[in-house]
Protein chains: 2
Amino acid sequence: MMSSCRFAFAVHVLAVLASEKTDCCSSSRLARTVNTNPVVIRRLLIELQQAGLISTLRGPRGGAVLKRKPEKVTLREIHQAVEPGDTFGAHPNEPSPECPVGKKIARVMGRIQTRANRALARELETMTLADVLRELRRP
Amino acid sequence: MMSSCRFAFAVHVLAVLASEKTDCCSSSRLARTVNTNPVVIRRLLIELQQAGLISTLRGPRGGAVLKRKPEKVTLREIHQAVEPGDTFGAHPNEPSPECPVGKKIARVMGRIQTRANRALARELETMTLADVLRELRRP
DNA sequence: TGATTTGTAACAGAATAAGTTACATTAGAT
DNA sequence: ATCTAATGTAACTTATTCTGTTACAAATCA
């Protein structure tokens, strides 16, 4: 599964925003702590902004701010904001309609997909950004 | 998430093996119903074999056979056999140890990863190949 | 012995993601 | 007003991964 690291980056970024005293944090500073390029961070910030988790400000002294209390941000929201994909991939080419299995497998896999996605979402819903901060503070 | 279609292929292949009367099914025939190349199927069969789900036979009249009753094959086993990866990716580059968040984020993300993987596995554990066959038979 | 199938190596092509450079746009500060 | 510093965004490179394909050795049955 060639999964992206965007979820890990997003949790990292939001944890920094939540733990920082300063109200604005620039993409350069975030990029330094994540150890990547500022543009990668800015692309991520746009998605987090569209999800309503942060807001950004241009110009000097600009940057990103958390819009909600950490207790009110679930990992599910973060995941959904930056990893829109499914848990696993579907058939790339249409299976043979000649075969009784091939004819209906897509529908069945679709249901399995839905249940898998929901199970993952349920688990991520039980954890918030505040839990992440608590874990980060532990020795 | 650039997820592979190997899980979908594997469920498809095993469903065909479970529903076929003939005891052996060649990679060519399986490839035709999945609509892909026989080598892709053979690579998949090796993984399913290593997981103990099927056995294969060389030579004429050779092919693959299901080793267990469909009721005894969970989707979790199938998934684990062909998609060894994690639910989401980790930081590709080590985060800055200067930053209090960067210093510990890997450990926290690891725990989240574990919980996500387990939640997915739990859900897939509740479904068997027999359930897939039942769904396939429904109009 | 011959035919057929798996196992496997090697490679092509496509897709995806991260990283990078460059620049227009915006907005605060002096 | 002007300078400066930040976001937003486009374009491109590079690396990785996956599927698909060809080719062939090894195995096995008739």
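Chain naming here is simple, since letters A, B, ... match the order of the sequence lines and numbering starts at 1 in each.
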How long is the line joining CD of Glu47(A) and C1' of dG8(D), in whole Å? 14 Å

Rounded to whole Å, the CD1-P distance (Ile41(B) to dG7(C)) equals 13 Å

If the cut-off is 4.0 Å, is Gln49(B) near the phosphate of dG7(C), judged by side-chain N/O to OP1 or OP2? yes

Using atom CZ of Arg6(B) as one end and atom P of dT17(D) as the other, report the distance to the nearest whole Å. 11 Å

Could you report the tightest heavy-atom contact between His12(B) and Pro95(A), atom names first, then the distance? CE1-CB, 3.7 Å

Distance check needed: dA18(C) C1' versus Leu44(A) CG, whole Å only. 12 Å

Would you say that Ile112(B) contacts Met127(A) through its side chain, given a criterion of any heavy-atom pair below 4.5 Å between the two side chains? yes

Provide, to the nearest angstrom, the distance between the CD1 atom belonging to Ile54(B) and the C1' atom belonging to dG7(C). 13 Å

Pro92(B) or Ser28(B): which one's nearest nucleotide on DNA chain C is closer to the 5' end? Ser28(B)

What I want to find out is whether Arg32(A) reaches Glu98(B) closely enough, with some N-O distance under 4.0 Å, to be called a salt bridge. no

On DNA chain C, nearest-nucleotide positions of Leu45(B) versus Asn93(B): which is more 5'? Leu45(B)

NA contact type, Gly63(B), heavy-atom cut-off 4.0 Å: base, sugar-phosphate, or nothing? sugar-phosphate

Determine which pairs satisfy side-chain hydrogen bond (donor to acceptor under 3.5 Å, both in side chains) with at least one residue from residues 37-50 of chain A, sequence neighbours left out, and list them in order. Ser27(A)-Arg42(A), Gln49(A)-Thr56(A)

What's the CD1-C1' distance between Ile46(B) and dT19(D), to the nearest Å? 16 Å

So what does Cys5(B) touch, heavy atoms closer than 4.0 Å: a base, only the sugar-phosphate, or nothing? sugar-phosphate

Test item: Asn35(A) side-chain N/O and Asn93(B) main-chain N/O as donor-acceptor pair under 3.5 Å: no

What is the distance, to the nearest angstrom, from the NE2 atom on His91(B) to the P atom on dA17(C)? 17 Å

Quick check on contacts: within residues 102-109 of chain A, what sits under 4.0 Å from DNA chain D by heavy-atom distance? none

I'd like to know whether CZ of Arg76(B) has more than 12 heavy-atom contacts from other residues, nucleotides or ligands below 6.0 angstrom. yes

Going 5' to 3' along nucleotides 20-30 of chain C, which nucleotides have protein heavy atoms under 4.0 Å from the base (write B), which only from the sugar-phosphate (write S), and which from neither (write -)? BBB--BBBB--

Leu30(A) CG - dA6(D) C1' separation (whole Å): 12 Å

Indicate the ring-plane relationship of Phe7(B) and Phe88(A), choosing parallel, tilted or perpendicular according to the 30° and 60° boundaries. perpendicular

Just by modelled atom types, is the Arg29(A) backbone N or O under 3.5 Å from a matching donor or acceptor in the Thr33(A) side chain? no

Among Leu129(A), Val132(A), Leu30(A), the one residue meeting side chain to side chain contact (heavy atoms under 4.5 Å, CB included) with Leu14(A): Leu129(A)

On the nucleotide dG7(C), are OP1 or OP2 found under 4.0 Å from the side-chain N or O atoms that Thr56(B) carries? yes

